[in-house]
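All remarks here apply to the structure that follows.
So you know, we letter chains A, B, ... as the sequences are listed, proteins then strands, and number each from 1. Remember, it's a predicted structure, so these values are computed and weren't measured experimentally.
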2 protein chains.
Amino acid sequence: MEKALEARDRQAAATECVSAESVVPSFRGEDTGVGGIDEIIGFHIRLAHGATYRHFTETFSELGLTQKMVSVLWLINDHPHVAQADIGRRLQMDRATTMAIINRLEARNLLVRGASMLDRRRQTLTLTADGNAALQEARRCIDEHEHWLKSRFTKREATLLIELLRRIHE
Amino acid sequence: MEKALEARDRQAAATECVSAESVVPSFRGEDTGVGGIDEIIGFHIRLAHGATYRHFTETFSELGLTQKMVSVLWLINDHPHVAQADIGRRLQMDRATTMAIINRLEARNLLVRGASMLDRRRQTLTLTADGNAALQEARRCIDEHEHWLKSRFTKREATLLIELLRRIHE
DNA sequence: TATTGTTATACTCTATAACTATA
DNA sequence: TATAGTTATAGAGTATAACAATA
């Protein structure tokens, strides 16, 4: 047993990534319709999301804004006096999650909460001057970030990708 | 000012989602190459990822396994005696992140760590009987989860989507 | 009854930094 | 010098549960 282990390790050290592949036969597709992990759409969505997230964080490191924060700023700019609940629905976030993000933006004076005159349960969200400035800066970073993404695709492929992804979250 | 606010709120209450749209003109594309937020690939990746994540969590609620945990189990099964660092590289995770997940799997007796005889810095990861059983159960859930995803696409579209996503994370 | 905002709480993922052992 | 594993720490996102005010 110890010998067999050693032989596998020798192989493992020799190859670069997931190393036991050439030694130990794979059991993929044994009793499931699913083949290798590479055929799982969810797997690729997660990796693509991770890679996108990391590049975004890098691009926005000086600005100190997260993806969610930028999305919220953008949405409020497009729809002034929008309520928290609407933001949450549009970004598919829980109310508590939305609160946390709005709180951070408010603490940094990027937006103000105001009372709604019509429905007193609601609050209106509006960007401050600082919020507008931050969004303008953010948009330059988004351009850079989007370019990093889109450089992999033709215009037609990019449109298609968005359409396919939309089917998942809509 | 208060009057204008009220008029907006009336509209906001009347429409369903992000509501100020019909009242307040959008500033999209003002001084950036980017149009509306709906044209941002990263935006759709995030939403699609979120929707996939939520459905996964729901499907796996009884099993108590996360996406990452399942991926790690799967990878170890495909490549027995693989090392932590290889897992991390394949799943694009930091070493510390990998540790946390392996620790949880080990605490639940789904895998064992073993010493590598060749490179004493490395450890070999192997599934226990419980780990194998958990993976078999997980695979049934993955089938269900993948079906939920793939039902939106033709076979050709699914293949294409994976290929496009792969370009992002590879 | 349902919705909105709010607070408290907890878990997962992610990453950085520093340390040890080994190559 | 570089890599593997480890530990401590922290921030971000996600979610649930419960509550008050309002519709």
Side-chain angles (χ1 to χ4, degrees), chain A residues 9-10 12-14 16-17 19 46-47 49-58 60-61 64-72 82-89 91-108 113-125, chain B residues 9-10 12-14 16-17 19 46-47 49-58 60-61 64-72 81-89 91-107 113-125:
Chain A
D9 286 335
R10 196 167 299 122
E16 192 199 334
C17 194
S19 13
R46 194 140 40 79
L47 286 187
H49 173 258
T52 307
Y53 170 78
R54 277 187 295 274
H55 183 269
F56 186 100
T57 305
E58 212 174 298
F60 279 74
S61 58
L65 295 174
T66 65
Q67 287 182 330
K68 287 284 179 203
M69 287 164 85
V70 171
S71 294
V72 168
V82 72
Q84 264 181 218
D86 293 330
I87 295 278
R89 265 191 290 273
L91 263 27
Q92 299 181 19
M93 295 185 298
D94 188 74
R95 269 177 302 156
T97 309
T98 310
M99 268 290 293
I101 293 159
I102 303 275
N103 282 346
R104 257 186 298 153
L105 291 170
E106 192 188 34
R108 285 174 58 174
R113 290 188 227 239
S116 162
M117 294 298 109
L118 222 219
D119 184 339
R120 302 219 305 272
R121 292 173 304 183
R122 296 180 141 238
Q123 294 197 335
T124 62
L125 300 174
Chain B
D9 287 336
R10 194 167 299 122
E16 193 200 332
C17 193
S19 14
R46 195 138 39 78
L47 286 186
H49 173 258
T52 307
Y53 169 78
R54 276 187 296 274
H55 183 270
F56 185 101
T57 306
E58 212 175 300
F60 279 74
S61 59
L65 295 173
T66 65
Q67 286 182 330
K68 286 286 179 198
M69 285 163 86
V70 172
S71 295
V72 169
H81 309 105
V82 71
Q84 265 181 218
D86 293 330
I87 295 278
R89 265 190 291 272
L91 264 26
Q92 298 182 19
M93 295 185 300
D94 189 73
R95 268 178 302 157
T97 309
T98 310
M99 268 290 292
I101 292 158
I102 303 273
N103 282 345
R104 258 186 299 155
L105 291 171
E106 191 188 35
R113 290 188 227 239
S116 162
M117 292 300 108
L118 222 222
D119 184 337
R120 301 218 307 271
R121 292 173 304 182
R122 294 180 143 237
Q123 292 197 338
T124 62
L125 300 174

Taking atom [atom2] of [N] as reference, at what distance in whole Å does atom [atom1] of [X] sit?
{"X": "B:Leu65", "N": "C:dC13", "atom1": "CG", "atom2": "P", "result": "11 Å"}
{"X": "A:His55", "N": "C:dA15", "atom1": "NE2", "atom2": "P", "result": "14 Å"}
{"X": "B:Phe56", "N": "D:dT14", "atom1": "CZ", "atom2": "C1'", "result": "15 Å"}
{"X": "B:Gln84", "N": "D:dT7", "atom1": "CD", "atom2": "C1'", "result": "13 Å"}

Work out which heavy atom in [X] is nearest to a heavy atom in [Y]; give both atom names and the distance.
{"X": "B:Phe60", "Y": "B:Leu65", "answer": "CB-O, 3.5 Å"}
{"X": "A:Val72", "Y": "A:Ile87", "answer": "CG2-CG2, 3.9 Å"}
{"X": "A:Leu91", "Y": "A:Ser71", "answer": "CD2-CB, 3.8 Å"}

query = Quick one: on DNA chain D, does B:Arg54 or A:Gly64 contact a more 5' nucleotide (nearest heavy atom)?
reply = A:Gly64

request  = Nearest-nucleotide wise, let me know which of A:Lys68 and B:Met99 is further upstream toward the 5' end of DNA chain D.
outcome  = B:Met99

key: Which nucleotides of DNA chain C pair, in dot-bracket form (Watson-Crick or G-U under 3.5 Å, | meaning another strand)   = |||||||||||||||||||||||

message = Counting the atoms with a prime plus P, OP1 and OP2 as sugar-phosphate, which does B:Arg120 contact under 4.0 Å by heavy atoms, base, sugar-phosphate, or nothing?
response = sugar-phosphate

task = Pick base, sugar-phosphate or nothing for A:Arg113, based on heavy-atom distances below 4.0 Å to the nucleic acid.
result = sugar-phosphate

ask   = Any N or O donor-acceptor pair linking the side chain of A:Arg121 to the base of D:dA23 at under 3.5 Å?
value = no

ask   = Would one find a side-chain N or O of A:Arg95 under 4.0 angstrom from OP1 or OP2 of C:dA2?
value = no

ask   = Would one find a side-chain N or O of B:Thr66 under 4.0 angstrom from OP1 or OP2 of C:dC13?
value = yes

key: Heavy-atom side-chain proximity of A:Lys68 to A:Thr97 below 4.5 angstrom   = no

